[in-house]
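See below for the structure under consideration.
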2 protein chains.
Amino acid sequence: MRGNLFAVAVDLVVLTVRDGELCVLLLERTAKPFAGEAALPGGFVRPAEDLLDAATRELVTETGLEIGTHHLEQLASYAAPDRDPRGRVLTVGHLALVPDLPEPAAGGAGCAWHPVAKVDQLAFDHAAILADGVERARAKLEYTTLAAAFCPEEFTISQLRRVYEAVWGTLPDPRNFSRKVTTTPGFLVPTGERLNAGRGRPGQLFRRGPATSLHPPMLRGDE
Amino acid sequence: MRGNLFAVAVDLVVLTVRDGELCVLLLERTAKPFAGEAALPGGFVRPAEDLLDAATRELVTETGLEIGTHHLEQLASYAAPDRDPRGRVLTVGHLALVPDLPEPAAGGAGCAWHPVAKVDQLAFDHAAILADGVERARAKLEYTTLAAAFCPEEFTISQLRRVYEAVWGTLPDPRNFSRKVTTTPGFLVPTGERLNAGRGRPGQLFRRGPATSLHPPMLRGDE
DNA sequence: ATGGGGTACCGTCACGCTGACGAGAACATC
DNA sequence: GATGTTCTCGTCAGCGTGACGGTACCCCAT
């Protein structure tokens, strides 16, 4: 074994959709490096702990979310020699997609949702990690059913469509969008109930189906 | 900084197409753990070295390839606590796509190409890393022009089609395939020359174009 | 020279999916 | 009831694709 050792951390890009905007969970740093600046939630990997376990643990402790219900995947690793002034730290970025929460963040203080479009500066190289996470999410909406991960347990097609609008910035046609998601087998499971949103005709409520991939994919207009 | 530190390595999934088969570069281990078994090329990250730099260095020293000409990207990180009996080692898997080389591998001894379909057992968790790399390559052929990375500097459409056949296991229709790749702007740049393959009408020679993505993607028949 | 095997490249056609609408059904409010 | 909003059913043209016939061009055997 070599003598040049690394500290290994996991950082989380936790995304949600609030009020039609794509938001990321950020916390204000209190510790020494980059104190006072915003940063992604994260922490060091413990001994005898795997990466996904560490990310799950951080997700639960930082946001108070239940375990297992939400989407969590590895993004990429970042290990530029000068990315941390304290020394050699490799961080494994993770992407989490969660529905809009009643309480912003039950975890520590200074933990809050920020619209991704308004984030300007972050500690360390977290801006690059965030950009990679957002791009991954955008790409995955094209060929997976992952948009439903942003929705609550039961949701209407309109709510699902607004997820695409928030993540992509483009608003798909309601009729064509409805046709696409309802004809994809296993994407949506109707509950038989309807949601009265106050205005207009109530929409049918759906639950997430077993399907995970979209064939053919749903392409966003721009590029 | 915590006391639980990791050794950090990079491992390479180097893929090529030889005789119509997708092959991976493997070397036989001589060092203590898993001695005698086949393993992916790789090594520890040096101080003040970034991940992609370390992967590039290993690629050059193990295979004798020139730098910068070939595709190299990060795959994912693997850090199961018991993946290395020597201690806590995190490895960052990388994927490299190279054209068929005249000499199998100029690097160390015991370094050779193996058909991916015939690989049965590898040291550490390298079998999982290889599987992820192959799956990534398969997926990327669908929506990128990366198949040309397996081809030499100049190539015909038939050679490019055989890359798809080797990676996907399915043989696309020659006429439809030709229409697809030639009508995609920026995929292929004709050189004006022809390649006499000995049998049949010589095919037109092309070079890689500036395009990187395929819109709409080329979907493989199966799933 | 002449024909045959093999490969490259042309064009055609039907099918499926998509974007772009029209129109009706089911709610709320006034 | 009238009006506005939203959901959900349609229709239609256009594009890309799978399937396939036909032709051009090369080498080689006769």
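Quantities reported herein were computed from a predicted structural model and do not represent experimental measurements.
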Look at [X] and [N] and indicate whether a side-chain polar atom (N or O) is within less than 4.0 Å of OP1 or OP2.
{"X": "A/K180", "N": "C/dC17", "value": "no"}
{"X": "A/Q204", "N": "D/dT8", "value": "yes"}
{"X": "B/S158", "N": "C/dT7", "value": "no"}

Task: Short side-chain donor-acceptor distance under 3.5 Å, B/Y78 and B/D11 - done: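 The answer is no; no qualifying pair exists.
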Open item on the list: Pairing donors with acceptors under 3.5 angstrom, does anything connect the side chains of A/T145 and A/T212?
Closed with: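 A/T145 vs A/T212: no donor-acceptor pair found between side chains.
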Round to a whole Å and report the spacing from [atom1] of [X] to [atom2] of [N].
{"X": "B/L195", "N": "C/dG6", "atom1": "CG", "atom2": "P", "result": "19 Å"}
{"X": "B/N176", "N": "D/dC15", "atom1": "CG", "atom2": "C1'", "result": "15 Å"}
{"X": "A/R161", "N": "D/dT5", "atom1": "CZ", "atom2": "C1'", "result": "13 Å"}
{"X": "B/F206", "N": "C/dA8", "atom1": "CZ", "atom2": "C1'", "result": "11 Å"}
{"X": "A/D173", "N": "D/dT11", "atom1": "CG", "atom2": "P", "result": "17 Å"}
{"X": "B/Y143", "N": "D/dG16", "atom1": "OH", "atom2": "C1'", "result": "21 Å"}
{"X": "A/L171", "N": "D/dT6", "atom1": "CG", "atom2": "P", "result": "11 Å"}
{"X": "B/H215", "N": "C/dT18", "atom1": "NE2", "atom2": "P", "result": "15 Å"}

Open item on the list: Looking at B/R207 and B/E153, would you say the former's side chain and the latter's main chain have a donor-acceptor pair under 3.5 Å?
Closed with: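 No; judged by distance alone, with no hydrogens or angles, the pair does not exist.
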Task: Under 3.5 Å donor-acceptor, B/S213 side chain and B/T144 backbone - done: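 No; zero donor-acceptor contacts below 3.5 Å.
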TODO: Check A/L52 against A/H94 and note the closest heavy-atom contact, atom names and distance.
DONE: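 Minimum heavy-atom separation between A/L52 and A/H94: CD1-CD2, 3.8 Å.
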- [ ] Indicate, with yes or no, if the rings of A/F124 and A/F34 have centres closer together than 6.0 Å.
- [x]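 Yes; A/F34 has its ring centre under 6.0 Å from that of A/F124.
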Open item on the list: Walk along nucleotides 22-30 of chain C from 5' to 3' and tag each nucleotide B, S or - by protein heavy-atom contact under 4.0 Å, base first, then sugar-phosphate.
Closed with: B-BBBBS--
Open item on the list: Using a 4.0 Å heavy-atom cut-off, does A/T156 contact any base of the nucleic acid, only the sugar-phosphate backbone, or nothing at all?
Closed with: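 If one applies the 4.0 Å heavy-atom cut-off, A/T156 turns out to touch nothing in the nucleic acid.
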Task: Given DNA chain C, 5'-ward residue of the pair B/Q159 and B/R179, judged by closest heavy atom - done: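 Between the two, 5'-proximity favours B/Q159.
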Task: Salt-bridge present (B/R29, B/E37; N to O < 4.0 Å) - done: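 So B/R29 does not pair with B/E37 through a salt bridge.
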